[in-house]
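To start, the structure under review is shown below, and the notes come after it.
As the structure is a prediction and not an experimental result, all values here were calculated from the model.
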Amino acid sequence: MRQYDLIERVRQYNPNTDEALLNRAYVYAMRAHGEQKRASGDPYFSHPLEVAAILTDLKLDDATIAAALLHDTIEDTPTTRAEIDQIFGPDIGHLVEGLTKLKRLDLVSREAKQAENLRKLLLAIADDVRVLLVKLADRLHNMRTLEHMPPEGRTRIAQETLDIYAPLAGRMGMHSLREELEDLAFRQLYPEANRLVSERLDAQADRHSHLIAEIEQQLTRKLAESGTAAVVTGRRKRPYSIWRKMERKSVGFEQLSDIFGFRVVVKTLREVYRALGIVHTTWPMVPGRFKDYVSTPKQNDYRSLHTTVIGPGKQRVELQIRTADMHEIAEYGIAAHALYKDSPDSPTEMLSRESNAYAWLRHTVELLAEGSNPEEFLEHTKLELFHDQVFCFTPKGKLIALPRKATPIDFAYAVHTDVGNHAVGCKINGQMGPLVSELNNGDEVDIITSKAQTSPPSAWESIVVTGKARLAIRRATRNAVRTQYAALGRRIVERLIQRAKRDYSDEKLKGALPRLARASIDDVFAAVGRGEMRPSDVGRAMYPDYKEERIAAVPPPKSETGWFGLKKGKAVKFKVPTAEQTAASIPIRGINSDLPVRFAPNGGAVPGDRIVGILNPGEGITIYPIQSASLKEFEETPERWLDVRWDMDERTPQRFPARIEVQSVNEPGTLAQIAQVIAEHDGNIDNIRMTRRSPDFTDCMIDLEVYDLKHLNAIIAQLRAKKVVAAAERVTG
Ligand code: MN
């Protein structure tokens, strides 16, 4: 097969073929595959060329032939989709990409349970039915050259052909393709059965050759006598169909092979029924064997009359009676027939014929997918199963079936829980992509993981669509929170023991577990961290003579801005940590710390503030600035007070919420000036609220975010320097 031969084949059924396009595709594919070789040692390019030739038998359009030539370029050569689009247009680019996706199917592991998914995937990916046609031709050529494959690969490919591709061809009405695929696969999978059946068929054909000729002649003569020109051909039985019937119906070879099959092809529809009348009046018909697929075509548009009669030698004769058009559809499928039945009158007609043919094929594919009777290609009757699924691959070619709208996060959890928990990014078809996006059929997904991510963001729980992912995220975030509580609990217990001038050790605590009625020290820590167990109880369990240390309450310190928490003139008693306690205190690293930390609402602490932690059962610690009036309500529960200190990383500054109250004069633009001062000093304003308005002054409460106390004080000082500002104070909750 040469460039010229291929074009000539196309021109025979399509005089308007775009030769330049086909030539371009030919040369491009040949160059792209370059020195690559087939397993047979042939140049690789011989393969796409043969595939294209097979498709000319099906009389397919230029785009399909070009796509056939190019079908292995994206997967096997440096060619990209963009390049194909640029040179051949997006239509052909789309086809080649579809074929690239299907090619990945060949890498998928062949577990039996995947077969169903594979069939669905095949249909799901091939949104353009021409992709399926090229794929079938591709498979046919690979089956024809199967002997060059390594033996272990042959069986797999043959089994897959029998399970998936041959039935697909049949359902698409391409019977000659189906039969060839079946026979090639049968030969590979059951060589012995194939040999036996073939030998007997040969012997029988020899024995009955005169009978076949006689029936042919008689039929032709009878039809001609009534003015019907017909081509009558005896059909040779195919080994695979005999074998399958023997297997399925458990009948013997003789019973099956007695039957002679003939095909009667006439010109017009009227002649089809006339021929039937002649056959039935010449020989007795076998009851129950007549089927009229002409008035009621099969779903794949197969049309023919079927009947069985008792022939001249008392043997059963099966007949298929059809027009030439019907015959073409039966052999090659609808595409061949509808596309190039006659030479079209105009390009427009050509186009509409094309779109009709493909619309029909698309419809066929839908039927394949939906399948409502047991004979259907897809035995699955549940349509939604198919439409609701999306099929993706791991980089190693494992097929992952997910519900539609699934995200790469779902994919990651489907691969392995650890992959999901540590997922930080992904590549979709080689491109970096967001973890929160919708996957498409055929996507190859490569999940990027990082051990630095110890647990998944809890927000994922509401994004994922699979139950498996949701459960795993819930479990992981619950574990992460428990770990946080346990870490807090450990620090509390260690600090307590240290302050009591004892030595803390895990061993010592383990010895105390029975007294605490907990199974592990982590259980103890988590309970303490959650505030469900008093730290002093742990101390007593470890050291029976442990005494809780009371810290003397002292008045609040004067603050740098002079206002802290004393606005309403209330004096509050505070515990101020001693230097010694500070050494044993719990370091606070801000909101994203490994401890369950939150900051007091309505004006929290910022780094630089002296702070106190209050243990809230079930919530971790809340951090208050030591001057906070809210601390008063915890005075009666000293066991909830924790010594905490700031431990900020200066290289990664964080912002903290703070609140100020500003009194300003009523003048146009005042608020803008205040906002400007804050912005100029790198403060983020979260919220501004008017609290009081008098004829002269306005009070407003401003929530802002600052880096630390110095930053906050600088902003307050700048505000006070403004003429329009009468007073500016910090407020703590
Ligand atoms: Mn190929």
Side-chain angles (χ1 to χ4, degrees), residues 484-485 487-489 491-492 494-496 498-499 528-529 531 535 551-567 570-617 619-635 637-650 652-660 703-716 729-733:
Q484 285 189 337
Y485 282 132
L488 174 59
R491 292 184 203 202
I492 293 170
E494 283 177 355
R495 182 197 60 137
L496 178 102
Q498 195 178 345
R499 216 160 56 189
V528 171
I551 309 164
V554 293
K558 284 283 174 200
S559 79
E560 287 84 349
T561 54
W563 186 48
F564 293 131
L566 297 173
K567 196 178 172 196
K570 271 189 206 160
V572 188
K573 290 177 189 168
F574 288 99
K575 300 154 194 283
V576 174
T578 64
E580 185 193 15
Q581 285 162 8
T582 304
S585 63
I586 296 164
I588 298 298
R589 269 189 190 273
I591 296 154
N592 303 320
S593 75
D594 55 346
L595 295 180
V597 168
R598 66 187 64 206
F599 290 88
N602 306 321
V606 298
D609 278 332
R610 295 171 77 178
I611 48 176
V612 170
I614 296 295
L615 187 58
N616 290 309
E619 287 176 16
I621 25 180
T622 307
I623 305 297
Y624 292 87
I626 201 158
Q627 69 274 17
S628 170
S630 305
L631 284 172
K632 189 166 169 51
E633 59 179 282
F634 305 113
E635 253 195 333
T637 50
E639 70 280 0
R640 292 177 63 187
W641 290 61
L642 301 172
D643 282 343
V644 292
R645 64 182 157 85
W646 293 105
D647 180 27
M648 302 309 295
D649 183 354
E650 283 173 13
T652 52
Q654 278 185 48
R655 288 177 182 272
F656 292 81
R659 177 174 284 186
I660 55 175
D703 288 323
L704 68 170
E705 286 177 338
V706 296
Y707 292 112
D708 55 19
L709 187 59
K710 229 169 101 187
H711 185 204
L712 176 62
N713 286 339
I715 291 173
I716 292 173
E729 307 286 355
R730 181 179 179 192
V731 182
T732 52

Measure the spacing between OG1 of Thr732 and CG of Asp609 and express it to the nearest 0.5 Å.
8.0 Å

Looking at side-chain heavy atoms only, is the closest gap between Glu705 and Phe656 below 4.5 Å?
no

For Ile621 against Leu488, the heavy-atom pair lying closest together
CD1-CD1, 3.6 Å

Value for CG (Leu631) from OG1 (Thr622), rounded to nearest 0.5 Å, stands at 10.5 Å

How many angstroms lie between atom CG of Leu496 and atom CZ of Arg491, to the nearest 0.5 angstrom?
15.5 Å

Side chain to side chain contact (heavy atoms under 4.5 Å, CB included) between Leu704 and Arg655, intermediate numbers included
CA-CA 9 Å; Leu704 68 170; Arg655 288 177 182 272; over 6 Å; no

Is there side-chain contact between Leu709 and Arg730, with heavy atoms separated by less than 4.5 Å?
yes

About how many Å separate OH of Tyr624 and CD1 of Ile614, when rounded to the nearest 0.5 Å?
7.0 Å

Partners of Asp703 by side chain to side chain donor-acceptor pair (under 3.5 Å), sequence neighbours excluded?
Arg659

d(Tyr485 OH, Ile492 CD1) to nearest 0.5 Å is 11.0 Å

Measure across Asp708 and Pro607 and return the closest heavy-atom pair with its distance rounded to 0.1 Å.
CB-O, 3.1 Å

Residues at least two apart in sequence or cross-chain that pass side-chain contact (heavy atoms from CB on, under 4.5 Å) with Ala658, listed by chain then number, are Val606, Val706, Leu712

With sequence neighbours excluded, residues passing salt bridge (Lys or Arg N to Asp or Glu O under 4.0 Å) with Glu494
Arg490

